[in-house]
Amino acid sequence: MVVPSLKLQDLIEEIRGAKTQAQEREVIQRECAHIRASFRDGDPLQRHRQLAKLLYVHMLGYPAHFGQMECLKLIASPRFIDKRVGYLGAMLLLDERQDAHLLITNSIKNDLSQGIQAVQGLALCTLSAMGSAEMCRDLATEVERLLLGPSPYVRKKAVLTAVHMIRKVPELSDIFLPVCAKLLHERHHGVLLGTITLITELCERSPAALEHFRKVVPQLVRIFRTLVTTGHTTEHSISGVSDPFLQVQILRLLRILGRNHEESSESMNDLLAQVATNTDTSRNSGSAVLFETVLTIMDIRSAAGLRVLAVNILGRFLLNSDKNIRYVALTSLLRLVQSDHSAVQRHRPTVVECLREPDASLSRRALELSLALVNNSNVRAMIQELQGFLEFCPLDLRADCASGILLAAERFAPTKRWHIDTILRVLTMAGAYVRDDAVANLTQLIGGAQELHAYSVRRLYSALAQDISQQPLVQVAAWCIGEYGDLLLEGSCEETEPLQVEEEEVLALLERVLQSHMSLPATRGYALTALMKLSTRLRGDNNRIRQVVSIYGSCLDVELQQRAVEYNTLFQKYDHMRAAILEKMPLVERGGPQVDEEAKESKEAAPASTDPQASKLLDLLDLLDGTSGDAQQPPPLDPSPEGTLIHLLDLPCAPPALAPIPNLKVFEREGLQLNLSFVRPPGTPALLLITVTATNASEGDVTHFVCQAAVPKSFQLQLQAPSGDTVPAQGGLPMTQLLRILNPNKAPLRLKLRLTYNHFGQSVQEIFEVNNLPVETWQ
Amino acid sequence: MQFMLLFSRQGKLRLQKWYVPLSDKEKKKITRELVQTVLARKPKMCSFLEWRDLKIVYKRYASLYFCCAIEDQDNELITLEIIHRYVELLDKYFGSVCELDIIFNFEKAYFILDEFLLGGEVQETSKKNVLKAIEQADLLQEKMLKVVH
């Protein structure tokens, strides 16, 4: 039994009636077979129906390429219904990738030149939707002709087709540019709108066109004024706003013409001010026009007062009940916050309100904008708001919020204590979301604020006692307790509530961290080291600590195991060195966590190496061993003779001040001389400071002087800005430049210098390695 | 405008108008992803979202989502007006339009859109003129059919 071909409506019904995907597929496959057969040898008058069915099926996602040739046949047919469906098919099934698409060029050409508007319209529409570069080149003159034809219906379509052609083939601009002047006199809104779009496209693609069209700015202003003032014909208005589409398009063109051009900007100033103040924004159409106006004001060279007006409009938008308007306001303010900072600052309270938006895309923008608005005077209030936000914000914003707060805190912290408090609060609330360097930054910050050591360790201890799950917090707390455990136990600190902590409690807490399954390996490392340090900070005997350390000597984690074994050894064989090694750390250079680690490593390697500084301290300890029974003594407040010992132990582990290193002359040419002087600051054994001094004894100035340096890979080099780039003649003011070199591995120093400069009218370049570097620079 | 999609709450595509050249495969992928993204939005959320390097403006009318992709420099608020105007045109033509009208008369929906937008830009800002053009084309279609028969 042959199942007859369905009508389109029936086919749609049947597809919709299918209960399963498989059933739907079956219906469609069956029907497509019919369609194919019909294309082959069916009634040509029915072809448009068959194609329509195929297009429906195509929209559902099924293949329809076998209909492409049928589109061509239908387009070539004289019947309007055929052309209508054929062109639709071409737009849906054909694109520039298919070879077949070029075949419709001829049909389009024919249809463009015959007289029926509707047909011309179809051809233009298709051309503008899927016309390839080749097709555009072929048909450009046809379209140009139609631009000046009698019918506005065709003209408006031709203009927009021209826009498409220019997008595809920019060289065609030459063809369409001349006619724009005439088209600007159009009264028909559609043609005028298309013309403005065309001019916009031309100007965006060619600076020459941009220049050319600047002179129509006054005309555009006139057109706009006429549009707005003469009668609100309902035909083109939306909610009482005259043709907002046209208004927006003109404003956009004005923006492009006024950009970076004083004169044009000035001539549109008044108009923009008027539109900004007079547009009715009770409905979206008015707001759309106002929004475009604001964008234009901000992008051209407008008067300062106008800019402030624009920002205030955006501020008003923020209070609008329509969240779409709030969204565009936030986005625009974000773009303006750098260039017009003070104007945007005025709306800070409203922006902060927007943090409470339930819509995540709005609150995200509010967050970005709030962070950009933080400055020295509002930092306390802002950070408080942002911390409030952090507590309840959606999860995908937490990381950005946390890092934003930390960054802002770093830049604008009014006091160190506030800074520490802020970071602490962020770590407590959102520890899992902070960036990796937060831990290092905080330890560095605390380490450097000696007056806050007691305060920090207490706050951190309390926080840790409440919650050991937030890893960054745990790590910092563990480090702090290890370093300043003595301060924790000593009793009072005015800045926090009195906290009575027993030694056993502290040890128990650290042990909990060690054992918790929530602790990351790194965290456990911190905890173990902290316990170890406490062995020299606490009064009681160290049996508990020793026990823990020895247990971890057989831990499965290799890192922990290694530490535990080393610490164990410290307890046994190297007990006499333990105090020295576990001293309070010196303040590390702000080089990041890497430097931290290396300082730690050099401490742990101490038992193995012959460390001259340790031996000096050892001698002291040996000397004093006779007088005091217990080498790990308590609190610094104790004024007894043992106090001297404590102070020594509290001192940062510093090498004795070295004898000054001799200067080195490294370069001389025609009176220009380069000298290096070296300093190894005490307290930072890995650091070498080199001052490069350039002097000029010759008759001629040395100008454009640039000195660059290179060191071996294991070193870190930082060049600071030189004092200048000119070394005046005859012993004038020398130029100096500071080089900072970090040499954590104490490798032999090698230094290469490259000099470029002008001297006696010649440009000179010299590259050389510095020889005879004194050994004190790196040992 | 780069493209406009109409789809139902179940993610069924009802109209797709592309103003940029893309392969069928790419179109399918974009459609699938975007439909998913838009359907995941909660009802109270704003009509704009950023997706890839485009701005997406969407609005739900009864059971249909109207979704446009515009470029960075385009005005989102006016795009909302474009969508609304198109819905008004459909409404006037079909007389209180519903999703079924667009399903069973999808070609008409395309024809109407093509009288309102061209190459991704607005070509006619008068509702009256658009509807008049469609009316005349429909008449011409009828006339031609009669003539041949």
Side-chain angles (χ1 to χ4, degrees), chain A residues 9 12 16 45 52 55-56 59-61 79-81 84-85 88 91-92 95-97 116 118 121 124-125 128-130 132 153 156-157 160-161 163-164 189-190 193-194 197 235-236 238 243-246 248-249 252 284-285 287-288 291-292 295 323-328 358-362, chain B residues 12-19 21-24 28 31 41-42 44-50 57 73-82 84-85 103-107 110-111 114-115 117-129 133 136-137 140-145 147-149:
Chain A
Q9 308 270 323
I12 297 176
R16 286 170 63 76
L45 294 178
L55 293 179
Y56 182 79
M59 185 148 61
L60 293 177
R79 298 197 314 158
F80 186 64
I81 178 67
R84 236 185 167 184
V85 181
L88 178 62
M91 285 192 272
L92 290 175
D95 63 48
E96 49 191 52
R97 289 147 208 267
I116 304 178
L124 286 169
C125 181
S128 74
M130 49 73 73
S132 64
Y153 175 82
K156 78 185 181 194
K157 291 182 192 270
L160 288 179
T161 309
V163 172
H164 171 82
H189 281 232
L193 179 57
T197 313
E235 193 183 334
H236 296 281
I238 301 182
D243 205 334
F245 301 113
L246 185 52
V248 164
Q249 203 65 20
R252 194 158 147 183
N284 185 63
S285 49
S287 301
F291 180 51
E292 195 73 33
L295 292 178
K323 63 175 83 71
N324 291 329
I325 293 181
R326 293 204 295 279
Y327 178 94
V328 300
D359 183 341
S361 46
L362 264 80
Chain B
K12 280 248 150 80
L13 200 60
R14 298 302 179 203
L15 185 144
Q16 48 173 333
K17 189 75 189 180
W18 298 86
Y19 294 109
L22 290 167
S23 71
D24 243 7
K28 282 208 169 103
T31 306
R41 302 272 287 182
K42 301 193 201 72
K44 290 290 185 187
M45 292 176 103
C46 71
S47 294
F48 311 132
L49 61 104
E50 260 147 44
V57 179
Q73 64 272 30
D74 293 331
N75 181 332
E76 291 98 322
L77 297 177
I78 205 75
T79 310
L80 276 176
E81 292 299 329
I82 291 178
H84 192 74
R85 174 57 65 87
I103 295 171
F104 283 95
N105 300 285
F106 70 96
E107 336 89 270
Y110 275 107
F111 297 151
D114 287 341
E115 288 301 329
L117 302 178
L118 201 91
E121 310 286 340
V122 176
Q123 69 176 281
E124 180 57 69
T125 56
S126 154
K127 237 190 305 190
K128 199 175 75 181
N129 287 352
Q136 286 181 342
L140 190 59
Q141 181 179 309
E142 284 303 310
K143 196 172 87 175
M144 284 235 164
L145 277 174
V147 163
V148 176
H149 282 137

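Letters A, B, ... mirror the listed sequences (proteins, then strands); counts begin at 1. All values derive from a computational prediction rather than experimental measurement.
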> Between A:A52 and B:F106, what is the shortest heavy-atom contact and its length?
Replying inline: O-CZ, 3.3 Å
> Does the side chain of A:E235 come under 3.5 Å of the side chain of B:S126 through a donor N or O and an acceptor N or O?
Replying inline: yes
>> Please classify the contact of B:R85 with chain A as side chain, backbone, both or neither, using a heavy-atom distance under 4.5 Å.
In response: side chain
> What part of B:K28 lies closer than 4.5 angstrom to a heavy atom of chain A: side chain, backbone, both or neither?
Replying inline: side chain
>> Using heavy-atom distances under 4.5 Å, tell me whether A:D243 contacts chain B through its side chain, its backbone, both, or neither.
In response: side chain
> If you take all heavy atoms of B:S47 and A:N324, which pair is closest and at what distance?
Replying inline: N-OD1, 2.7 Å
> Is it the side chain or the backbone of A:I116 that comes within 4.5 Å of chain B heavy atoms, both, or neither?
Replying inline: side chain
> Which heavy-atom pair separates A:M91 from B:K17 by the least distance, and what is that distance?
Replying inline: SD-NZ, 3.2 Å
>> Given heavy-atom pairs under 4.5 angstrom as the criterion, report whether the side chain, backbone, both or neither of B:T31 touches chain A.
In response: neither
> Is any side-chain N of the basic residue among B:K42 and A:D359 closer than 4.0 Å to the acidic one's carboxylate O?
Replying inline: no
>> Given heavy-atom pairs under 4.5 angstrom as the criterion, report whether the side chain, backbone, both or neither of B:L117 touches chain A.
In response: neither
>> Testing the basics here: between A:A118 and B:L140, what is the closest heavy-atom pair and its distance to 0.1 Å?
In response: CB-CD2, 3.9 Å
> Nearest heavy-atom pair of A:R84 and B:A137: which atoms, and what distance?
Replying inline: NH2-CB, 3.2 Å
>> Quick check: closest heavy atoms across A:L362 and B:C46, and the distance to 0.1 Å?
In response: CD1-SG, 3.6 Å
